[in-house]
Amino acid sequence: MKAVIIQQKIFDIRGQKVMLDKDLAELYKAETRSLKQAVKRNRSRFPKDFMFQLTNKEINTMVSQNVIPSKGIFGGALPFAFTEQGVAMLSSVLNSRKAVQVNIAVMRAFVEIRKFALLHKDVIIQLRELKARIGGHDTQLTAIYDAIEDMLDKSIAQ
């Protein structure tokens, strides 16, 4: 399973990196309905920091930002969003060889995203220090700095 494909299915919602139930079900080669039923049967294993249900407002925001094509992809139900810990807990609830393999790949994808964000955070700090040193002396360097910082901010937000 390719980490890049998984990373594209990790979203930042409520300040947390999460995966949606429909994307996880697709990776597990299961129906979203079945995944949600397994979670509901084991609700005590999924506290709020492991999983939460999206609101209509959050779904509308995702549509408006072209993160998802339309609300219709959820079939009318509000989707569950799983944090890294929630995804790990899914393997015990789904209890299949496929679930374990998918969870390992997903955990690795979350780790790679954290590494990427930390690397870019260091670069942003260095760029801010550079900008402070050059001050207002060179407007072209300031414009270049601002453009690089915007690109880094956008890549971290993904």
Side-chain angles (χ1 to χ4, degrees), residues 1-125 127-128 146-158:
M1 185 163 311
K2 296 191 180 202
V4 174
I5 293 169
I6 295 171
Q7 288 174 7
Q8 292 171 348
K9 296 177 183 295
I10 298 175
F11 304 106
D12 194 343
I13 302 173
R14 298 183 193 175
Q16 297 186 68
K17 298 288 185 199
V18 298
M19 292 188 73
L20 301 179
D21 55 15
K22 74 167 196 61
D23 293 328
L24 287 164
E26 180 182 312
L27 291 170
Y28 295 131
K29 300 204 182 314
E31 292 182 15
T32 304
R33 179 181 52 83
S34 299
L35 183 141
K36 289 177 108 166
Q37 285 174 348
V39 169
K40 288 177 182 177
R41 282 192 305 270
N42 295 278
R43 194 67 177 103
S44 63
R45 293 181 183 224
F46 295 93
K48 290 180 183 178
D49 57 328
F50 281 32
M51 183 205 75
F52 55 87
Q53 195 164 29
L54 268 61
T55 63
N56 278 315
K57 184 178 179 181
E58 289 167 328
I59 295 169
N60 290 335
T61 299
M62 292 178 79
V63 171
S64 71
Q65 295 175 351
N66 293 320
V67 175
I68 57 173
S70 72
K71 290 172 72 168
I73 64 169
F74 300 117
L78 294 175
F80 291 158
F82 294 87
T83 65
E84 184 174 353
Q85 294 85 1
V87 173
M89 186 59 73
L90 275 174
S91 67
S92 68
V93 170
L94 299 175
N95 200 19
S96 72
R97 174 175 252 147
K98 182 70 173 173
V100 171
Q101 291 171 341
V102 168
N103 281 10
I104 290 169
V106 169
M107 294 301 108
R108 287 180 176 151
F110 272 104
V111 168
E112 288 303 314
I113 286 175
R114 272 197 303 279
K115 284 180 187 176
F116 185 78
L118 286 173
L119 174 67
H120 281 81
K121 185 177 180 181
D122 291 343
V123 172
I124 289 171
I125 290 169
L127 284 170
R128 286 184 182 147
D146 290 339
I148 293 171
E149 188 176 51
D150 286 344
M151 288 186 324
L152 289 170
D153 286 343
K154 287 177 185 172
S155 70
I156 289 172
Q158 295 175 352

Side-chain touch [X]/[Y], heavy atoms, less than 4.5 angstrom:
| X | Y | value |
| --- | --- | --- |
| F11 | D23 | yes |
| F52 | F46 | no |
| L78 | I59 | yes |
| K9 | E26 | yes |
| M89 | V39 | no |
| L20 | M62 | yes |
| K17 | D12 | yes |

Report task. Please name the pair of heavy atoms, one in L54 and one in R14, separated by the smallest distance, quoted to 0.1 Å. Result ->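 It is CA-NH2, 4.2 Å.
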Supply the atom-to-atom distance [X] [atom1] to [Y] [atom2], rounded to the nearest 0.5 angstrom.
| X | Y | atom1 | atom2 | value |
| --- | --- | --- | --- | --- |
| K40 | Q37 | NZ | CD | 7.5 Å |
| L35 | L90 | CG | CG | 5.5 Å |
| M19 | Q7 | CE | CD | 10.0 Å |

By side chain to side chain donor-acceptor pair (under 3.5 Å), which residues pair with [X], not counting sequence neighbours?
| X | value |
| --- | --- |
| T83 | Q85 |
| Q16 | none |
| E31 | R33 |

**Report entry** Full working for side-chain contact (heavy atoms from CB on, under 4.5 Å) between V87 and F82
**Finding:** CA-CA 6 Å; V87 173; F82 294 87; 3.8 Å; yes
Query - Residue list, salt bridge (charged side-chain N to carboxylate O under 4.0 Å, His left out) with K36, at least two apart or on another chain - result: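 For K36, the residues satisfying salt bridge (charged side-chain N to carboxylate O under 4.0 Å, His left out) (neighbours in sequence not counted) are D21.
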Requested in this report: Would you list the pairs meeting side-chain hydrogen bond (donor to acceptor under 3.5 Å, both in side chains) in which at least one residue belongs to residues 46-55, sequence neighbours left out?
Outcome: T55-E58
**Report entry** side-chain contact (heavy atoms from CB on, under 4.5 Å) involving A30 - partner list, sequence neighbours excluded
**Finding:** Y28
